[in-house]
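The chains referred to below are lettered A, B, ... by the order of the sequence lines, with proteins before strands, and numbering in each begins at 1. As the structure is a computational prediction, the values presented were derived from the model and not from experiment. Computed from heavy atoms alone, side chains included, the values below leave out hydrogens, waters and symmetry copies.
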Number of protein chains: 2
Amino acid sequence: MSHLVTPTELRVLDATKTCCERWGIAKVTIDDIAAEAGVSRATLYRMFPGGKDVLFDALRVHELEDFFTRLSAHIHDTTDLEELLVRTVVYATVELRSDDHLALMLASEPGDTLGNLTVQGLPRIIRMASLFIAGKVEPYLDRANAQRLVDLLARLVISYFLAPSDHVDLGDERSARTFITTHILPTFVPPAVQPASTH
Amino acid sequence: MSHLVTPTELRVLDATKTCCERWGIAKVTIDDIAAEAGVSRATLYRMFPGGKDVLFDALRVHELEDFFTRLSAHIHDTTDLEELLVRTVVYATVELRSDDHLALMLASEPGDTLGNLTVQGLPRIIRMASLFIAGKVEPYLDRANAQRLVDLLARLVISYFLAPSDHVDLGDERSARTFITTHILPTFVPPAVQPASTH
DNA sequence: GACACTAAGACGATTTCCGTCTCACCGTCA
DNA sequence: TGACGGTGAGACGGAAATCGTCTTAGTGTC
């Protein structure tokens, strides 16, 4: 799932992570990261042309990929569509809320939490979640329906953090299952019963 | 014990503390603190002429005074010299090690702990500890002996954090008592038995 | 030796930060 | 009412940092 990342790039990303935890994203400088990674500033700019923005974007993507890799491992044995959706939503809800660093990376201030994310971070995580879930549910639905479902679920998960009181408790598996089976699944029509492709 | 601090000054000190915890002392700016305290920069400079250094000094003193106030309350019922020393050392050791913010204020980097204090912070805490302990043990000893004892004990407590393996476990009351009664007290001669003064 | 990659650091441009200053505002008290 | 002390907002010039690019020299590989 994860695209190619060289060891040095990984070291830089780890250093960025460390520096963010120490000083907050607003106070980190390129030199801090380079020093922490034991890398010269020139090397850092060679790896991430565009400077801080590109570097932070890369870190965000890297962190999200990590998250989706863990999520993938968590649902790899699921074949039923409903089960897949329920476990995805529950895992994403619980893990996202407990992943402090992910919150840090998506926020702009160290004090921010997933509960008061800036508007810049939200579309990104929704897009990433969509890409991930799309790959998992596509065999069960036609492309248009899958996209609708994906958007709906991703926004459902994310909006959970923004106004928890307005929504069902997605972290509870039973309520998540009830919500999905009664409100989401009935609106979609699977094009074929068997998920396994022929070729 | 604590000298006069106006409510606004206290608010500024609290804001400084908050900002330090958020960004680390190396990254905090005057404007950050002023904004956090809801105070203009002009007001801040009027209260603490000299800028950041004076402000941080004031905060350090304030934090240490807080600590010594708590310590004072902890040993207020002690009249025996040995008991006084033991409880002071044990309390100081345990509390100093668990007081993250004090460590933060004495360190120059947020990652620093009392275990790797910079050399600037150490003399300050030793001096403050000396002043405090001196006032407590002076009735029991003549002035010269008291000063020797104070220096020795203060350095003992502090050095505990610098190389724990080389020293007795001062956080354990029994070992602290043993160490004090066998190694420290015998070298001092009390000038008078009764601590109560006549006038 | 050619080559790719790197650390170290100089450089100018830009931005941030500092400390001081002015000015308007707002309560208090005579 | 008017003087007065304290405050917030913000302009200002200088100092310091940060940025992004660049050169140079060193290192390991083929």
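- Side-chain contact between B:Y45 and B:I30: present, with at least one pair of heavy atoms (C-beta onward) separated by less than 4.5 Å.
- The NZ atom of B:K52 sits 7.0 Å away from the OG1 atom of B:T29 when rounded to the nearest 0.5 Å.
- For A:S40 and C:dA8, the shortest distance from a side-chain N or O to OP1 or OP2 is not below 4.0 Å.
- Rounded to whole Å, the distance from CE on A:M47 to P on C:dC5 is 11 Å.
- Taking the side chain as every heavy atom from C-beta outward, B:H62 and B:L10 approach each other to under 4.5 Å.
- The nearest whole Å value for the distance from the CD1 atom in B:I33 to the P atom in C:dG19 is 11 Å.
- B:K27 has its side chain within reach of A:D32: a pair of non-hydrogen atoms, C-beta onward, lies under 4.5 Å apart.
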- Query: Reading nucleotides 17-24 of chain D 5' to 3', which nucleotides get B (base under 4.0 Å from a protein heavy atom), which S (sugar-phosphate only), which -?
  - Reply: -SSBBB--

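- Between B:R177 and B:E83 there is a salt bridge, since a side-chain N of the basic residue sits under 4.0 Å from a carboxylate O of the acidic one.
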